Amino acid sequence: LALVYGITDSSPYVVVFLQALIGTITVYLTFLLGRTLKFSMYASVVAAMVVALDPVTILHTNLLLTETLFTAVIIGGVICLYFYLQVERPRWLFLSAILFAIGALTRPISQYLPVVLAPLFLMINKSSSKWIRISRAAIFVIFSCGLMFIWVYRNYQVLGIWSLSDTGTYNLAYQSA
């Protein structure tokens, strides 16, 4: 957002346009997620249409909020994690961890999502040994949380707080960030 404002002289219209573009990408990612999870073409198209025509999603795309970016990043992270669990290529693991970290930086409520998803490594793809699956889950969590920690450290240096967000500690679900 700061980059867009710096380039466009603080034009909110450009940001709304970019959010509409990200919203369009989210519709495609929803379709891709449906197909990746082996849903039928019909079900995948219906899911994408629900996202495209959802009034709340349309409203949030036109407001300067984080929901549009967050949704696209999390869906992308889920797709990459699924690809990793299917083919076990490290690039999908790291790309998924990066996207989940970006999601946490966008909306701090998702900061524990990598930890919650880690058991998937143990439940899926039992062809690998238990210790390999545990080590891959640990790599995923450590890499994702490590990226988040960079921002936490930045907040400590700039704001004097060891936190991902400075919105308070009342409740993660109640944050306004």
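Everything numeric here is computed off the predicted structure, so don't read it as measured data.
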Would you give the length of the straight line joining atom [atom1] of [X] to atom [atom2] of [Y], rounded to the nearest 0.5 angstrom?
{"X": "Ile98", "Y": "Leu93", "atom1": "CD1", "atom2": "CG", "value": "9.5 Å"}
{"X": "Thr106", "Y": "Ile74", "atom1": "OG1", "atom2": "CD1", "value": "8.0 Å"}
{"X": "Arg136", "Y": "Leu120", "atom1": "CZ", "atom2": "CG", "value": "14.5 Å"}
{"X": "Thr36", "Y": "Leu29", "atom1": "OG1", "atom2": "CG", "value": "9.5 Å"}
{"X": "Leu81", "Y": "Ile124", "atom1": "CG", "atom2": "CD1", "value": "7.5 Å"}
{"X": "Phe31", "Y": "Met41", "atom1": "CZ", "atom2": "CE", "value": "4.5 Å"}

Pairs where [range] contributes a residue and the test salt bridge (charged side-chain N to carboxylate O under 4.0 Å, His left out) is met, not counting sequence neighbours:
{"range": "residues 140-152", "answer": "none"}
{"range": "residues 144-163", "answer": "none"}
{"range": "residues 21-49", "answer": "none"}

Assigning hydrophobic clusters by single linkage (Ile, Leu, Val, Met, Phe, Trp, Tyr; side-chain heavy-atom cutoff under 4.5 Å), is [X] placed with [Y]?
{"X": "Ile102", "Y": "Leu113", "value": "yes"}
{"X": "Val116", "Y": "Met123", "value": "no"}
{"X": "Val73", "Y": "Ile150", "value": "yes"}
{"X": "Val78", "Y": "Leu32", "value": "yes"}
{"X": "Leu69", "Y": "Leu65", "value": "no"}

Quick one: are Leu85 and Phe121 in side-chain contact, heavy atoms under 4.5 Å?
yes
Which heavy-atom pair separates [X] from [Y] by the least distance, and what is that distance?
{"X": "Tyr84", "Y": "Arg89", "result": "CD1-O, 3.1 Å"}
{"X": "Ser144", "Y": "Phe100", "result": "OG-CB, 4.0 Å"}
{"X": "Leu147", "Y": "Ala97", "result": "CD1-O, 4.4 Å"}

Apart from Val46 itself, what residues make up its hydrophobic cluster, given side-chain heavy atom links below 4.5 Å?
Tyr42, Val50
Qualifying residues under side-chain contact (heavy atoms from CB on, under 4.5 Å), relative to [X], sequence neighbours excluded:
{"X": "Ala118", "value": "Ala137, Val141"}
{"X": "Cys80", "value": "Trp92, Leu95, Ser96, Leu99"}
{"X": "Ala104", "value": "Ser110, Gln111, Met148, Leu164"}
{"X": "Leu37", "value": "Leu33, Phe39, Tyr82"}

Pairs meeting criterion side chain to side chain donor-acceptor pair (under 3.5 Å) with involvement of residues 48-57, two or more places apart:
Asp54-Thr57
In terms of heavy-atom contacts, does CH2 of Trp162 have more than 12 from other residues, nucleotides or ligands at under 6.0 Å?
yes
Side chain to side chain donor-acceptor pair (under 3.5 Å) partners of Asn62, counting only residues at least two apart:
none
Ignoring hydrogens and angles, write down the donor-acceptor pairs under 3.5 Å from the side chains of residues 15-28, residues two or more places apart or on other chains.
from  : atom 1 : to    : atom 2 : distance (Å)
Gln19 : NE2    : Thr61 : O      : 3.0
Gln19 : NE2    : Leu63 : O      : 2.5
Thr24 : OG1    : Ala20 : O      : 2.9
Thr26 : OG1    : Ile22 : O      : 2.9

Sequence neighbours excluded, the answer for ring-ring contact (aromatic ring centres under 6.0 Å, His included) partners of Phe94 is Phe143
